[in-house]
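In listed order, ligands and their atoms are each counted from 1.
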Amino acid sequence: MDIIRVEGGHRLSGGVRVSGAKNSALKLMAATLLAPGRTTLENVPNISDVHVMGKVLKRMGATIEVVDEHRLAIDTSAVDSWEAPYELVAKMRASTAVMGPLLGRFGRAKIAMPGGCNLGARKIDMHILGLEALGVKFDTDHGYIHADASEGLTGTTVTLEFASVGATENLIMAAVRAKGTTVIDNAAREPEIVDLACMLNEMGAKIVGAGSPVVQIEGVEELHPVTHRVIGDRIEAGTFIVAGALMAEDGDIEVTGFNAAHLGMVIKKFELMGVQIDRIEGGVRVHRADVLQPVDIQTLPFPGFPTDMQAQAMVLSALADGSSVITENIFENRFMFASELVRMGASIRIESHHAIIHGVQGLSGAQVVSPDLRGGAALVVAGLIADGYTEVSAIHHIDRGYEHFVEKLVSLGAHVARVNVPDPSDD
Ligand code: EPZ
């Protein structure tokens, strides 16, 4: 099996450019279903989740040309199936993002019910409630959700119980083809949703308010293919910012390829901890913080502190001069990372949704397991400063969302390598 081995203690220098945002690219790919013809997406990250979404679309009859490593030409003219099969939804629950566009274009969808994941139940009840308000009829059998909008979609006002990213996206992608106007109240405001709305408007949709809590969508008859560039990945950027804060040689490293405004709360909290982060063209310059102050963080929907940066923030807190509290409000089970960090010497106590982190002088390298995509990346980053070697396994999680992660760290001077080791379960 492949693991990532890190030798701690090597300073970083230079700069890194992040890839396109996974959590935008996946939805933009799904949205091509709404515009028969050939849409070209640029700055697409070369990661396994994108490959899975490609399989979902091809299974429906779309063709995908890999123009180059980061440019996909997706033609959905010949799509004649509306099913997201279990084996692909089980691999990647974001496959459920095809539900809205399938309903918008074909008036029907058959989606395998997404199972839970390491983060929790990951239900889609809010997606379904919102789509039912637009006139979609649902039933479920044999582990599949059957959605029927053969009587058409009718615009209405939908108030989300929680500002769910996925529910907001599915509702927008269905509403663009509804009769009349839809208003989504308490909509999620993530930058990836703004990116999706931008592309849909380029395709001919009429969406206003994306990025605010109230999004208004006036239904249109048809959407046309476009060329659209995916925004930079703010979470990948935040991950490298933590690496720089811990290990930048001579003071700083540059992290570019993203919009720093998409990480406002993260930068604010890290500056409170004593990390100097300067805005530069196309990103930030982050300075090493030799003394880190403790911090209190609540993960919340954008513009609050993103849950996808919780593990990375915990690495910084683990080395702060004092005690921090990180509260996870988005997922019911996103502290498994903490128990891996404790194996590296961190002092962390979990009480329900709160992690109480008492800063320690240093971390020690250990064999650890990636609990999920972001936790895995955070363990590699912790290994950069830990004493000795850290070996991170279950790195398929990392490959889902971090393109060329090892290569990017090596380009900054890290002593990191992907190595193949015998799988203990093979004994
Ligand atoms: C998106 O997931 C992201 N994934 C997640 O990133 C991210 O953590 C999350 O938004 C929050 O920002 C993609 O975009 C592919 P939600 P999503 O709907 O859409 C509950 C990563 O590491 N909920 O805002 O699933 C849900 O169980 C991933 O890149 C319901 O109960 O997030 C969760 O606890 C991890 N019912 C919470 O809300 C619903 O109908 C947030 O879910 C929908 C959601």
- Those protein residues which place at least one heavy atom below 4.0 Å from ligand 1: K22, N23, K27, R93, A94, L119, R122, K123, I124, D125, M126, H127, F162, S164, V165, G166, T307, D308, I330, F331, E332, R334, L373, R374
- Item | Y389, OH atom: more than 12 neighbouring heavy atoms under 6.0 Å | no
- So the side chain to side chain donor-acceptor pair (under 3.5 Å) pairs with at least one residue in residues 337-348 (sequence neighbours excluded) are none
- Message: Would you call the rings of H404 and H70 parallel, tilted or perpendicular, taking 30° and 60° as the class edges?
- Response: perpendicular
- Task: Return each pair, listed once, that meets salt bridge (charged side-chain N to carboxylate O under 4.0 Å, His left out) where at least one residue sits in residues 66-79; pairs must be two or more places apart or across chains.
- Result: E42-R71, D68-R71
- Query: Please, which pairs that meet salt bridge (charged side-chain N to carboxylate O under 4.0 Å, His left out) have at least one residue in residues 149-168, sequence neighbours excluded?
  - Reply: none
- So with a 6.0 Å cut-off around OH of Y144, is the heavy-atom count from everything else above 12? yes
